[in-house]
Amino acid sequence: MITIYSAKKIITMNPARPVVSHVAVRGGRIVGAGSLEELKRWGDHNLDDRFADKVLMPGLVEGHAHTMEGTLWRHVYCGFFDRMDPDGKMWGGAKTKDAVLDRLKQADAAMADVDAPLPGWQLDPIYFDNERVSRADLDKVSTTRPIGVLHASGHIMNVNSKALELAGLLKHGINHPGVPLGSDGFPTGELKGPDIMTPVGIHVGFDRDMLACDERGLRDFGKLCVRAGVTTVTDLAARLKDEAADMMIKVTAEPNYPARVVPLRFFQGLTPQELIDHAASLKKKSTDRLRLGMIKIVADGSIQGFSARMRFPGYFNGAPNGLWYVPPEQLLETYELALKRGLHVHTHTNGDEATQLAIEMMEKALIKHPTPDHRYTLQHCQLADAAQFRRMAKLGMCVNLFANHHFYWGDEHYNLTVGPERAERMNACRTALANGLPMAIHSDAPITPLGPMFTAWCAVNRITASGRVQGEYEKISVDDALYAITLGAAYTLKLDGEVGSIEAGKHADFAVLEDDPTEIGGDKLKDVRVWGTVQAGRIFEAAALSA
Amino acid sequence: MLPITIIGGYLGAGKTTVVNHLLRNADGVRLAILVNEFGSLPIDADLIEAQDEDIISIAGGCVCCSYGNDLTLALMDLAKLDPAPDHVVLEASGVALPGAIAASVSLLQGYTLDGIIVLTDVETVMEQASDVYIGDTIERQLIDADLVVLNKTDLISDDELQGVSKWMRDKAPRAETICSRHGAVAPAILLQSFLSQDRGDLMLPAHDADVLKSQAFTIEEAVDVEKLAEGLASRDLGLLRAKGFVDPIVGVRCAIQVVGRRWSVEDASPDAPLGLVTIGRQSTFDETAILSLISESAL
Ligand SMILES: [Zn+2]
């Protein structure tokens, strides 16, 4: 039986009929989008008016997120900005160091076992004048339980004395650039870089595999998707060992799982051949709601961690060039093997030198294995210049720019990491589009919150956390931004034939909105209220999600 | 404390061959090899006894495990192995900076750094060092090396080798260099665990014996241990490696470890045999200088 939904407005992203009043759905697919008169001619149907006062858009597509955000919400939220948890509770931002400590104290008081670890996340001292959270500060919360708070960047953690003690680091004589020492010669409790965070992190309650997401985390992540209007989402770096892949297949197959998840196999720890073989075997296990078989490579580090690979003139503060996470030869070999096997690769590049390397290796691989429509995508690609975008377009590549980053760390980049000129062209959406490059924009949740409407707002306004417009020229229109969070992102996943627009034949995936993003004004895009989603014809109301 | 040696170097430098050579000549020393990906370390098939997902058992009680997920966690797991290995060899990935890995290892409980060895392919290393993408990585690998192995010397002329050696003194200022043809470096040079004064002067493999020299020294009097260790690591002596047990005061025994310019002094069991064993180059080995250092260090 066909259900025909009426809505205040349906924004289809199909340029041939951009706005319609009704959409007809059968078996989770769209039968048609048009007027009631048109759709009635399909025959027997139910007319469903529940969305009569809502605006429907294609279900939003987040092309770069990590399901681990679902797991992180079991830790204490210490972020500066307000953020909603999977159960819909809005956590106010902790605006001062004391507010962070108070929140940890509350969590401490609520725990029965005085020795149990207390992990927190999303701390970002740059918003309170870089005042650091020291071991002594966290000792005021507890001296008996290990406490560790992960920074928003994911690259730094602050821990208390107990945590250092358990990790054997509460001692003199430590000589390590990632472990600053206090005037007493003991570590301050700040730990920089994964090499140091991991061995201490396991004592404060973080998982051994920080990228991992468990069953409950994946379900919670699904709820976050509903709240953000997202119906298709990536898990951009998963190891996908058998148990993990089976768990994801099982959870996403649950009758009420609300999103289509696209996990990419993380390259690390495997040779190119092993990686390709594993991705190919995963691909065969794909289901409608778990799309396996794609690959993620990380070429360099991060800009704010000074580990991104930069071309001339390098870092603004004179820091040495960053780190490669993959040798050029291995990148090339992976591209070659993947092209040959018809597998789809996304590559993380932050610095423009990493982007240049990926482009050059891509060109070599394509000359050896010419491949129509490969859509290999550079993720973040934050510092790419116009020439790089032009070349990427010619090579048939795509880009997924980190629009949210510009808001959260744009001031930092302007003042410290890359300086004014390059900070203004970071995540250059307009230049990418002007050069014909298929483009998505992303949150990299949990690094920044999942919420494509916010991401679109970032790309349209280019406002930084301090309220400055940074890079006026690179602003894009609301229409372009809405395209980027629907068809644009779907295209980078080769799912644009299935999702990303509301038209006959596609999955019945809708974002159900209280406000009209095309009318509310570009400066208010982030305020568009999300009622929930429809995913493959199943209706998910955010307010009705069970805790 | 579990000694750990970090073997770095870019792709193609011969890390895999060196590691296989070590395993083949383990001679009772229980090695644990850590690699970040198995595929890049094709352990010679005849050495492999058994294999599960993350660990390969190797003839002679050695193991090999992958740190595909996380290096520090793999090292922590390895430290818990029972029976414990005698020595851990960490093969760093081609773009890793061994100095940075050493800094991280220094924070782990139960480990002591034996040395940083960087392998280079003499035919390509200078070209790699000027590569626009990886040049600075190559240089940052070399600058922290204690020992640089100039590998594949059979592929270039003597003149070319001289050029590379001279260049290397600049790029790896802290390191001693040794030449190798097919990654066949005497285990005693690479890992202190192979250097034992029980055996007196070390028997070096024939192809090394004409360029390298090993000599043992007896030291029975109490010595200033740090002075001795520092002296043994001086550039003037140019020793590749030294290891020994000496007493700073009667009844207290210390272990001295030297590799290139790096030296360390640690407490040792009172049963450890007194004395010192050294490895240097045949051409520059200065027995007299070592002897006078020993007597100057006497308390
Ligand atoms: Zn990411």
Side-chain angles (χ1 to χ4, degrees), chain A residues 164 166-169 171 173-179 187 191 193-202 208-212 239 241-242 266-275 277 299-300 307 309 311-312 314 320-331 333 353-354 356-357 360-361, chain B residues 1 8-13 15-16 34-42 53-54 65-77 79 90 92-97 99-111 113 124 128 131-141 143-144:
Chain A
L164 287 173
L166 290 174
L169 293 176
K171 61 180 181 192
I174 288 174
N175 176 16
H176 190 288
V179 186
L191 307 170
D195 295 353
I196 320 303
M197 279 160 33
T198 325
V200 187
I202 54 172
R208 288 177 66 102
D209 180 358
M210 301 256 263
L211 296 173
R239 302 194 192 278
K241 286 192 174 184
D242 287 349
F266 192 46
F267 79 113
Q268 220 174 44
L270 298 175
T271 62
Q273 188 62 56
E274 289 168 337
L275 175 66
D277 291 345
D300 68 341
S307 52
R309 289 293 306 192
R311 295 189 299 186
F312 184 85
N321 207 346
L323 301 172
W324 291 113
Y325 291 160
V326 63
E329 292 88 336
Q330 193 179 330
L331 185 62
E333 189 185 349
E353 189 181 54
Q356 188 69 16
L357 177 73
E360 284 177 13
M361 296 303 116
Chain B
M1 295 286 262
Y10 198 64
L11 306 184
K15 291 181 299 218
T16 297
L34 257 177
V35 293
N36 71 330
E37 48 204 64
F38 275 144
S40 73
L41 181 70
E53 200 179 348
D54 289 315
C65 49
S66 157
Y67 66 88
N69 282 1
D70 186 276
L71 170 62
T72 38
L73 292 176
L75 282 169
M76 289 164 75
D77 290 346
L90 193 165
S93 87
V95 284
L97 304 182
I101 295 177
S104 301
V105 166
S106 75
L107 300 180
L108 293 178
Q109 292 167 297
Y111 282 96
L113 180 66
T124 56
Q128 283 167 349
D131 183 89
V132 57
Y133 292 116
I134 54 145
D136 64 315
T137 303
I138 301 289
E139 295 198 349
R140 285 152 88 181
Q141 289 177 345
I143 201 156
D144 289 317

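Each chain gets a letter, A, B and so on, in the order the sequences are listed, and its residues count up from 1.
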Residue B:L97 versus chain A: region with a heavy atom under 4.5 Å: side chain
Donor-acceptor pair, distance only, cut-off 3.5 Å: does the side chain of A:W324 make one with the backbone of B:Y133? yes
Below 4.5 Å from any heavy atom of chain B, which atoms of A:I196 appear? Answer side chain, backbone, both or neither. side chain
By a 4.5 Å heavy-atom criterion (distance strictly below it), what part of A:A167 contacts chain B: side chain, backbone, both, or neither? backbone
If one checks every heavy atom of A:Q273 against chain B at 4.5 Å, the contacting part turns out to be neither
Is the shortest side-chain heavy-atom distance between A:P199 and B:L108 below 4.5 Å? yes
For A:D195 against B:T72, the heavy-atom pair lying closest together: O-CG2, 3.2 Å
With a 4.5 angstrom heavy-atom cut-off, is it the side chain or the backbone of A:V179 that approaches chain B, or both, or neither? side chain
Output for pair (B:S93 OG, A:Q330 CD), nearest 0.5 Å, gives 8.0 Å
Between A:R309 and B:T137, is any pair of side-chain heavy atoms under 4.5 Å apart? yes
Go through the steps to decide whether B:M76 and A:I202 satisfy the test side chain to side chain contact (heavy atoms under 4.5 Å, CB included), and finish with yes or no. CA-CA 11 Å; B:M76 289 164 75; A:I202 54 172; 3.5 Å; yes
Side chains of B:I134 and A:P328, heavy atoms from C-beta outward: is any pair under 4.5 Å? yes
Can you find a pair of side-chain heavy atoms, one from B:V95 and one from A:L323, that are under 4.5 Å apart? no
How far does CZ of B:R140 sit from CG of A:N321, to the nearest 0.5 angstrom? 6.5 Å
How far does CG of B:L11 sit from CD of A:E333, to the nearest 0.5 angstrom? 9.5 Å
Among B:D136, B:I101, B:L75, B:L107, the residue with the most heavy-atom pairs under 4.5 Å to chain A is B:L107
